[in-house]
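Sharing a structure, written as structure tokens. Questions coming.
Below, chain A is the first sequence line, B the second, and so on; all start at residue 1.
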Amino acid sequence: MSSSFSNGSLARADAWFGMKMSAVAAIMMAVLLIIPSALTIIYSLHNVPANGSSFGEFVGFRNYEIIFTSNVFWRSVWVTVVFSVGFVVLSTLFGLAMALLLNQEFLGRGLARGLLIIPWATPWLVIGILWKWYADGSVGGLNALLVGLGITGEYQNFLSDPNSALLLAITAAVWRQASFAGILLLAGLQTLPGELYEAAELDGANWWQRLNNVTIPWLRPVLVTVTVLNIIYAFLQFDVIFAMTQGGPGDATQVLSILIYRQLFVVTQIGLGSALAVVLGLAALIGGLVTVKVLYRGKAAN
Amino acid sequence: MQRQSIFRKPAAGGRNSRSLVQSVALYAGVAVFVLWILLPVWYLVISSLITPQQLGSRSFSFFPTSITFDNYLSVLTGSTGGAGIGSTDIGSRLLPAIGQSFLVSSILVVLNLIVAGAAAYALSRYPFPGSRRFELAVIATRVVPAIAIIGPFFVAFRVIGVLNSPWALVISYNVFTLPLAIMIMKNYFDQLPREVEEAAKIDGAGRLQTLLIIILPIARPGLVAAGVLIFLEAWSEFFYSLVLTNQLTVPSLLAGFQSVQQFNWNALAAATVMSMIPPVLLVMVFQRNVVGSLTAGVGK
């Protein structure tokens with residue numbers, strides 16, 4: 001690359017062409033991301049009136065003080081962490097299990113692989129609606145299933161219990177994300193040269209050893225990417241929880257994004273909500289920088 | 001890198017004949033997988049095809065003895081039986097919402113293919129001082145939570161008077177569709193051989209000419225993949241639609257319907273099935289392109 005810049009007027013013309021071609025996208029992103037981000041930070045330092053017509057009184061870091069000394073905030077952080085850990089671990093593991101399964105030869109494999117697309121292509125909000133009613137206490141299919149199989153005696157109201165509500169929200173989100181992970185991991189598995197397996201088999205390696213010593217190392221770059229993507233999706237999750245529980249019962253499923261929504265648009269404390277948004281945004285940005293690092297280290301190692 | 005399809009290539013494993021135990025375990029695994037994916041979807045589809053009485057019955061059957069299309073008719077003709085106090089009639093609004101969703105998504109696809117396509121091509125072929133930093137910024141913005149910058153959008157859109165119009169969404173959705181489109185297309189352009197362009201250059205073709213006449217035709221699969229993914233994101237987006245409009249697009253309309261006290265799950269199920277068909281169909285049709293482009297930047 002560096003040589004092309006020192007190549008005289010033709011190279012300069014090339015670079016100038018590149019700049020012109022990128023200009024519209026660059027300007028759009030600057031306007032749509034930098035300005036709103038700056039405004040959100042400014043809001044977070046003010047006591048903004050509920051209608052948002054002006055910045056209101058400057059209060060410095062008061063909003064942040066309120067947040068960091070608030071039980072509601074720390075409770076929400078805890079719920080976010082529990083949701084995220086469950087979501088990331090289960091999505092990655094289920095995705096890997098699906099990919100390994102669908103990489104075997106069996107009757108109807110093409111159809112089974114096609115099924116992976118359904119959860120992935122379904123809008124997050126629709127997944128929330130789908131699982132809310134599937135798990136519903138009066139009409140739910142899950143209850144019909146459990147009662148039919150004799151696992152539970154009568155219909156349970158899963159979404160009104162704090163623990164099972166959180167578990168179901170995680171399950172619904174994993175239902176989608178594991179399929180996405182499965183698609184990426186399956187594509188990774190298909191690039192695995194068969195000779196590697198054969199060599200391991202000749203060495204007398206059993207299934208578990210082959211998985212551990214051949215498959216997983218081969219999939220590592222994809223696994224890293226999938227895990228990082230899952231972490232990002234975990235922090236951004238709003239739709240599924242909004243549709244299923246709106247953060248309830250109580251605050252059992254109130255992840256940070258739900259809390260921000262409530263602060264901004266339900267109780268319209270714009271300053272406080274913005275400060276929360278800055279906190280979440282910073283956390284996500286750090287996650288983003290890690291993503292970039294990981295992705296580019298993967299590329300460089302190639 | 002060549003295009004991949006997860007649905008065609010022969011697998012690396014499973015060449016050897018299996019023992020009976022292994023076969024049983026394999027097919028048991030497949031059965032669990034199929035049930036895990038299909039049971040919730042099946043329940044949704046069944047719910048949309050039966051009456052509230054059948055649904056509420058404690059002997060609810062996953063294989064109903066009789067089905068009806070009344071739920072679909074009611075959401076399409078605008079009588080969802082939710083005439084109670086405080087109810088919104090979803091039926092009269094579902095078709096317009098589907099129309100708005102198509103409008104917003106299609107405008108974004110065209111706009112982003114042009115704007116992001118030009119940027120992606122430049123980043124791939126004509127690097128400039130700072131282009132690398134621009135590319136990293138693009139990737140990093142993918143993770144900025146949309147919710148973190150919604151406040152200023154809301155205020156600004158109210159000032160310029162585009163709240164509750166498709167334009168509010170066409171503008172704000174670029175926050176996440178534009179970086180995605182740039183990443184996908186940059187990856188795709190990176191894989192295209194440079195020889196054709198060199199040849200065109202020697203023949204005296206200008207840069208823009210080369211792009212339009214030589215590159216665009218061979219880049220079609222990548223552009224299709226990017227287009228499908230942009231459409232998918234725009235079609236599925238819920239949060240901005242919830243905040244910036246009054247249930248203008250399908251997801252926010254469904255959420256609004258669900259929050260109404262008096263409503264009917266059978267009708268909502270029918271509307272939900274209809275909202276799933278376009279994205280699932282789109283991915284099924286273009287899955288080879290889409291999966292290939294998703295894995296291009298990922299699987300090494």
Side-chain angles (χ1 to χ4, degrees), chain A residues 1 14-15 17-19 21-22 24-25 28 32-33 36-37 39-40 43 52 101 103-106 110 113 115 117-118 121-123 125-126 129-130 133-134 139 141 144 184 186-188 190 192 194 197 221-222 225 232 236 238-239 257 260 264 270 274 277 280-281 284 287-288 292 298 302, chain B residues 4 6-7 9 11-14 26 29-30 33 37 40-41 43-44 55-56 60 115-116 118-119 122 126-128 131 134 136 139-141 143-145 147-149 151-153 155 174-175 178 207 236 238-239 243 251 254-255 258 265 272 275-276 279-280 283-284 287 291 295 298-300:
Chain A
M1 288 299 134
D14 275 352
F17 179 73
M19 277 165 125
M21 293 283 282
S22 313
V24 180
M28 279 175 71
L32 292 175
L33 278 156
S37 302
L39 280 171
T40 300
Y43 280 156
L101 179 74
N103 199 36
Q104 306 294 316
E105 268 169 34
F106 58 84
R113 288 179 174 180
L115 286 184
I117 285 179
I118 297 176
T122 303
L125 178 92
V126 167
I129 291 179
L130 176 56
W133 295 102
Y134 185 52
V139 299
L184 294 186
L186 185 55
Q190 284 164 352
L192 197 157
Y197 259 139
V222 194
T225 310
I232 293 169
L236 307 193
F238 175 85
D239 303 9
S257 57
I260 295 173
L264 284 176
I270 297 178
S274 298
L280 181 66
V292 171
N302 197 34
Chain B
Q4 304 183 346
I6 59 168
F7 304 98
K9 266 199 199 168
L26 176 63
V30 173
F33 165 77
I37 302 270
V41 180
Y43 170 72
L44 173 75
L55 184 74
F60 171 80
V115 172
Y126 299 98
F128 49 89
S131 64
F134 176 51
L136 294 184
I139 298 174
T141 54
V143 305
V144 172
I147 192 168
I149 52 174
F153 274 121
V155 173
N174 282 294
V175 167
L178 203 56
R207 296 182 186 88
S236 304
F238 166 59
F239 182 65
V243 172
L254 294 178
Q258 189 183 236
W265 160 232
T272 304
S275 79
M276 280 174 67
V280 172
V283 178
M284 293 263 175
Q287 40 104 348
V291 172
T295 50
V298 167
K300 293 283 134 152

Minimum heavy-atom distance between B:Phe134 and A:Ser22, given as atom pair plus value: CE2-CB, 4.1 Å
Minimum heavy-atom distance between B:Phe128 and A:Ala15, given as atom pair plus value: CB-O, 3.5 Å
Minimum heavy-atom distance between B:Pro279 and A:Ala121, given as atom pair plus value: CB-O, 3.4 Å
Segment of A:Ser37 engaging chain B (4.5 angstrom heavy-atom cut-off): both
From CD1 (B:Ile149) to CG (A:Leu39), nearest 0.5 Å: 10.5 Å
Closest non-hydrogen atom pair, B:Ser275 against A:Val126: OG-CG2, 3.5 Å
Most contacts with chain B, counted as non-hydrogen pairs under 4.5 angstrom, among A:Ala144, A:Gly281, A:Ser274, A:Pro36: A:Pro36
Leading residue by heavy atom contact count with chain A [cutoff under 4.5 Å; candidates B:Ile37, B:Val175, B:Val280, B:Leu44]: B:Ile37
Side chain proximity check, B:Trp265 to A:Ile129, heavy atoms < 4.5 angstrom: yes
B:Tyr126, part contacting chain A, at a heavy-atom distance under 4.5 Å: both
Which portion of A:Phe106 sits near chain B, non-hydrogen atoms under 4.5 angstrom: both
For the student: nearest non-hydrogen atoms of A:Leu130 and B:Pro40, plus distance: CD1-O, 3.3 Å
Point-to-point distance, once rounded to the nearest 0.5 Å, from CZ of B:Phe239 to OG of A:Ser257: 8.0 Å
A:Tyr134 portion near chain B, given a 4.5 angstrom heavy-atom threshold: both
Per-residue contact mode, A:Ile270 against chain B (heavy atom under 4.5 angstrom): neither
Gap between atom OG1 of B:Thr272 and atom CH2 of A:Trp133 - 0.5 Å precision: 10.5 Å
Contact class of B:Phe153 relative to chain A, heavy atoms under 4.5 angstrom: side chain
Heavy-atom pair of closest approach, residues A:Gly18 and B:Ala122: O-CB, 3.3 Å
Side chain / backbone / both / neither for B:Val30 at chain A, heavy atoms under 4.5 Å: both
B:Leu178, part contacting chain A, at a heavy-atom distance under 4.5 Å: side chain
Pairwise distance CE(A:Met28) to CG(B:Asn174) - rounded to 0.5 angstrom: 3.5 Å
Which atoms of A:Ile118 approach chain B - backbone, side chain, both or neither, heavy atom under 4.5 Å: both
Distance in Å, B:Ile147 CD1 paired with A:Leu280 CG, rounded so as to fall on 0.5 Å steps: 7.5 Å
